[in-house]
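To keep things clear, I will list the structure first and then write my remarks on it.
The model shown is predicted, which means the values in this text are computed figures rather than measured ones.
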Amino acid sequence: MSDMNPSARNTPAAASVATAPPMVLAEQVSKSFGSNEVLKSISLEVKRGEVMCLVGPSGSGKSTFLRCINHLEVLSAGRLSVDGELIGYREANGKLYEMAPKEAARQRRDIGMVFQRFNLFPHMTALQNVMEAPIRVKGLPKAQVEQTARALLARVGLAERAEYYPAHLSGGQQQRVAIARALAMEPKLMLFDEPTSALDPELVGEVLDVMKGLAKSGMTMIVVTHEMGFAKEVADSLVFMDGGVVVEAGDPDEILTNPQHRRTQAFLSKVL
């Protein structure tokens, strides 16, 4: 009977997943602004479907690293790949050449990003904000996009707020619209840069709940956050950064309950 039921690990689908490149591969990534070296040879790997949380004090390089992943910041050294594709550069004869802005923008379509500030278009309704990029960037039919956009607003709990303008939405609702807008481009990777830091404390939970749902759906996510409870509950891996370097990385439970590095211990003693 065992010959009739081979284990999943031997199936072609399982083999293809096993041999697929990581969703994000950072190799000795460095970034300087003038003489200020913000990132110092960062090497990280994020698997498909993984949720990685980046934590650390302000100025440690977390947000800059996130912006490098979709080439909003140009690397000073190293290389970054998403789904096996070099980001922002093309390689020829062993040298890297920066892509033209249009090419970099094409790559960015597959990488959703949610910022601290919601950056919604104030003159557009929630529905129009979600519809804008798929119509303008992808050129999809308006009726198709509207159907998808309404489904996404429902997914983030805002179906009844579709016709509201940002000024008539709470901060938490605006951030949920921003998440729906990023999802409308059907990204393979979602980046969150402290998505709850600009919110009143009572609104934080509604945004985190949406992010938890995304994680459960299998979305690959990198989250810069100060929400340690969220990191412990949702993250597959936790990275503590300080001074532009990765100080400690690994299982969230282990790092949060038994940090090995003195700097990690000092940081967590202030935030837990």
Side-chain angles (χ1 to χ4, degrees), residues 31 33 38 53-54 58-59 61-74 82 87-88 101-102 104-140 145-146 148-159 161-211 213-214 219-227 230:
K31 174 63 183 177
F33 296 97
V38 179
C53 283
L54 304 181
S58 297
K62 307 181 303 295
S63 295
T64 299
F65 177 68
L66 218 60
R67 291 172 64 84
C68 286
I69 293 173
N70 62 1
H71 205 59
L72 288 175
E73 298 291 354
V74 179
V82 172
I87 294 295
K102 269 191 175 182
R106 176 191 59 77
Q107 290 185 321
R108 220 172 273 132
R109 294 181 193 178
D110 293 329
I111 305 171
M113 187 159 185
V114 178
F115 300 88
Q116 296 178 38
R117 298 291 171 180
F118 325 123
N119 298 321
L120 298 179
F121 296 114
H123 62 290
M124 293 183 180
T125 64
L127 181 64
Q128 290 168 336
N129 265 281
V130 177
M131 291 175 61
E132 180 72 1
I135 291 174
R136 287 194 176 266
V137 178
K138 287 190 169 182
L140 297 177
V145 171
E146 181 175 346
T148 302
R150 287 188 183 279
L152 286 170
L153 286 172
R155 183 176 178 181
V156 299
L158 292 173
R161 295 287 192 270
E163 308 302 333
Y164 283 52
Y165 287 90
H168 300 128
L169 297 172
S170 70
Q173 290 170 335
Q174 289 186 59
Q175 191 63 295
R176 284 187 279 157
V177 173
I179 293 173
R181 179 180 60 182
L183 292 174
M185 291 296 285
E186 299 182 318
K188 60 180 71 172
L189 169 68
M190 284 286 286
L191 308 175
F192 293 88
D193 188 6
E194 298 191 39
T196 60
S197 65
L199 300 178
D200 292 332
E202 66 268 23
L203 301 177
V204 169
E206 63 190 52
V207 174
L208 294 181
D209 284 344
V210 171
M211 293 171 64
L214 275 181
M219 175 65 73
T220 309
M221 299 162 56
I222 304 178
V223 185
V224 173
T225 185
H226 292 294
E227 301 291 339
F230 172 83

### Query
Excluding sequence neighbours, so at least two apart, what forms side chain to side chain contact (heavy atoms under 4.5 Å, CB included) with V38?
F33, N36, T64
### Task
Considering non-hydrogen atoms only, spot the tightest contact between M190 and A182 and give its length.
CE-CB, 3.8 Å
### Summary
Scanning both residues in full, the closest heavy-atom pair of M185 with V137 reads CE-CG1, 3.8 Å
### Message
Quick check: do H168 and R161 have side-chain heavy atoms less than 4.5 Å from each other?
### Response
no
### Query
How many angstroms lie between atom CG of L203 and atom OG1 of T196, to the nearest 0.5 angstrom?
10.5 Å
### Message
Quick test of your reading: applying salt bridge (charged side-chain N to carboxylate O under 4.0 Å, His left out), list the pairs with at least one residue in residues 181-194, sequence neighbours left out, ordered by first then second residue.
### Response
D83-K188, K138-E186
### Task
Hey, could you give me the OH/CG distance between Y164 and N129, rounded to the nearest 0.5 Å?
16.0 Å
### Query
What residue pairs, at least two apart or across chains, pass side-chain hydrogen bond (donor to acceptor under 3.5 Å, both in side chains) with a residue in residues 115-124?
Q116-S197
### Task
For residues T148 and L140, determine if any side-chain heavy atom of one lies less than 4.5 Å from a side-chain heavy atom of the other.
no
### Message
Taking salt bridge (Lys or Arg N to Asp or Glu O under 4.0 Å) as the definition, give me every residue that meets it alongside E227, ordered by chain and number, with sequence neighbours left out.
### Response
none
### Message
Any heavy-atom pair between the side chains of I87 and I69 that's under 4.5 Å?
### Response
no
### Sub-4.5 Å side-chain heavy-atom contact between L191 and N70
yes
### With sequence neighbours excluded, residues passing side chain to side chain contact (heavy atoms under 4.5 Å, CB included) with I135
M131, K142, V145
#### Entry: Validation row: M221, F192 side chains within 4.5 angstrom (heavy atoms)
yes
### Residue list, side chain to side chain contact (heavy atoms under 4.5 Å, CB included) with A180, at least two apart or on another chain
V130, L152, L153, V156
### Task
Looking only at non-hydrogen atoms, find the nearest pair between G112 and P187 and report the distance.
N-CB, 3.4 Å
#### Entry: Separation between OG1 of T220 and CD1 of I111, rounded to the nearest 0.5 Å
11.5 Å
### Query
Which residues satisfy the side chain to side chain contact (heavy atoms under 4.5 Å, CB included) test with A105, sequence neighbours excluded?
R108
### Message
Check whether Q173 reaches the backbone of L158 with its side chain - one donor and one acceptor, N or O, closer than 3.5 Å.
### Response
no
### Query
If we only count heavy atoms from C-beta on, is the V223 to C53 side-chain gap below 4.5 Å?
yes
### All pairs passing salt bridge (charged side-chain N to carboxylate O under 4.0 Å, His left out) where residues 162-179 contributes a residue, at least two apart
R150-E163, R176-E206
### Query
Does the side chain of V207 reach to within under 4.5 Å of the side chain of I179, using non-hydrogen atoms?
yes
### Nearest-0.5 Å distance that lies between atom CG in L199 and atom CZ in F118
5.0 Å
### Message
Set out, in order, the CA-CA distance, both residues' side-chain angles and the distance that settles side-chain contact (heavy atoms from CB on, under 4.5 Å) for L214 and R155, then state yes or no.
### Response
CA-CA 10 Å; L214 275 181; R155 183 176 178 181; 3.3 Å; yes
### Summary
Residue set satisfying side chain to side chain donor-acceptor pair (under 3.5 Å) with R106, at least two apart, ordered chain then number -> E85
### Query
Do you know which two heavy atoms are closest between M124 and P166, and how far apart they sit?
O-CD, 3.1 Å
